[in-house]
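A short worksheet on the structure shown next.
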Amino acid sequence: MLFRSRVSTARRFIKRMNLADVDALAAMMHDDFVFVDSRLTRIEGRENCIEFFRRFVALDTGFAITIESASRNGDDVLIKGATTARDPVLVAQCLWQCQVIDGKIAYWQSFRSDQPPALARILASDLVAN
């Protein structure tokens, strides 16, 4: 049951991201939410991350994640998939790791093997954790 709820929570988070529904994403974020992009740039805190996602969805309204597989590893949910977008720079095969605490996403990290754009720094340098 716990396995299904963590994985299904991660899937619901991605669904809301694909809909560019920042308010629904915000409702799923833990108060201590941390976002880490593929360049290891961190944005910490729910309010900062909400603002980052607002800026991100405004960047490319065609952005979406397609899930190939999702599984649980301890407290983490590991997701393999791909992104689609209007901007080809945002299109890639990716891995994501997230942590679900009390039914909310507390940690989200993306991994790309190529040279990904430094989105957190580009879109939200004022929100990046030092």
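Start at 1 with the first residue, then count along the sequence.
Not one N or O on the side chain of Ser110 forms a donor-acceptor pair closer than 3.5 Å with the backbone of Trp96. At distances below 3.5 Å, at least one donor-acceptor pair connects side-chain atoms of Asp60 with backbone N or O atoms of Arg86. With hydrogens and angles disregarded, no donor-acceptor distance shorter than 3.5 Å links the side chain of Asp76 to the backbone of Gln97. Under a 3.5 Å cut-off, the side chain of Thr83 and the backbone N or O of Leu90 do form a donor-acceptor pair. At least one donor-acceptor pair under 3.5 Å links the side chain of Thr9 to the backbone N or O of Ser5. In terms of modelled atom types and a separation under 3.5 Å, the side chain of Lys80 and the main chain of Ser71 share no donor-acceptor contact.
The cluster map of Ile, Leu, Val, Met, Phe, Trp and Tyr, joined by side-chain heavy atoms under 4.5 Å apart, puts Leu59 and Leu25 in the same cluster. Phe63 and Ile43 fall within a single hydrophobic cluster, where Ile, Leu, Val, Met, Phe, Trp and Tyr side chains are chained together by heavy-atom contacts under 4.5 Å. If you chain together hydrophobic residues whose side chains sit under 4.5 Å apart, Ile105 and Val57 fall into the same group. Placement of Val22 and Met29 within a single hydrophobic cluster is found when ILVMFWY residues are connected by side-chain heavy-atom separations under 4.5 Å, directly or transitively. Leu78 and Trp108 are members of different hydrophobic clusters when ILVMFWY side chains are connected at heavy-atom separations under 4.5 Å.
Pairs passing the salt bridge (charged side-chain N to carboxylate O under 4.0 Å, His left out) check and including a residue from residues 13-36, sequence neighbours excluded, read Asp23-Arg54.
Taking SG from Cys94 and CD from Glu68, the interatomic distance works out to 10.0 Å, rounded to the nearest 0.5 Å. Rounded to the nearest 0.5 Å, atoms CZ (Phe13) and CG (Asn18) are 11.0 Å apart. Interatomic distance, NE2 of His30 versus SG of Cys49, reported as 12.5 Å (0.5 Å rounding).
For the pair Arg112 and Asp114, the salt-bridge criterion is met [side-chain N within less than 4.0 Å of a carboxylate O].
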Assess the residue pair Ile14 and Ile67 against the criterion (side-chain contact (heavy atoms from CB on, under 4.5 Å)); give the C-alpha distance rounded to whole Å, side-chain angles, the decisive distance to 0.1 Å, and a yes or no.
CA-CA 9 Å; Ile14 289 172; Ile67 300 170; 3.7 Å; yes

Salt bridge (charged side-chain N to carboxylate O under 4.0 Å, His left out), that's the test. Do Asp75 and Arg6 meet it? Break it down for me.
CA-CA 8 Å; Asp75 291 335; Arg6 285 185 178 150; 3.6 Å; yes

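Minimum heavy-atom separation, Val100 to Val77: CG2-CG2, 4.4 Å. Across every non-hydrogen atom of Arg12 and Met28, the tightest pair is CB-CE, 3.8 Å. Scanning both residues, Gln93 and Ala82, for their nearest heavy atoms gives OE1-CB, 2.9 Å. For the residue pair Met17 and Ile65, the shortest heavy atom distance occurs at SD-CD1, 3.8 Å.
You'll find the side chain of Gln99 stays beyond 4.5 Å of the side chain of Val34, heavy atoms only. At least one side-chain heavy atom of Leu40 sits under 4.5 Å from a side-chain heavy atom of Gln109. Side-chain atoms of Ile50 and Arg46, non-hydrogen and from C-beta on, do get closer than 4.5 Å to each other.
The neighbour count for Asp102 CG, taken as heavy atoms of other residues, nucleotides or ligands under 6.0 Å away, does not exceed 12.
In this structure, Phe53 and Phe35 have perpendicular ring planes: the angle between them is above 60°, well past the 30° mark.
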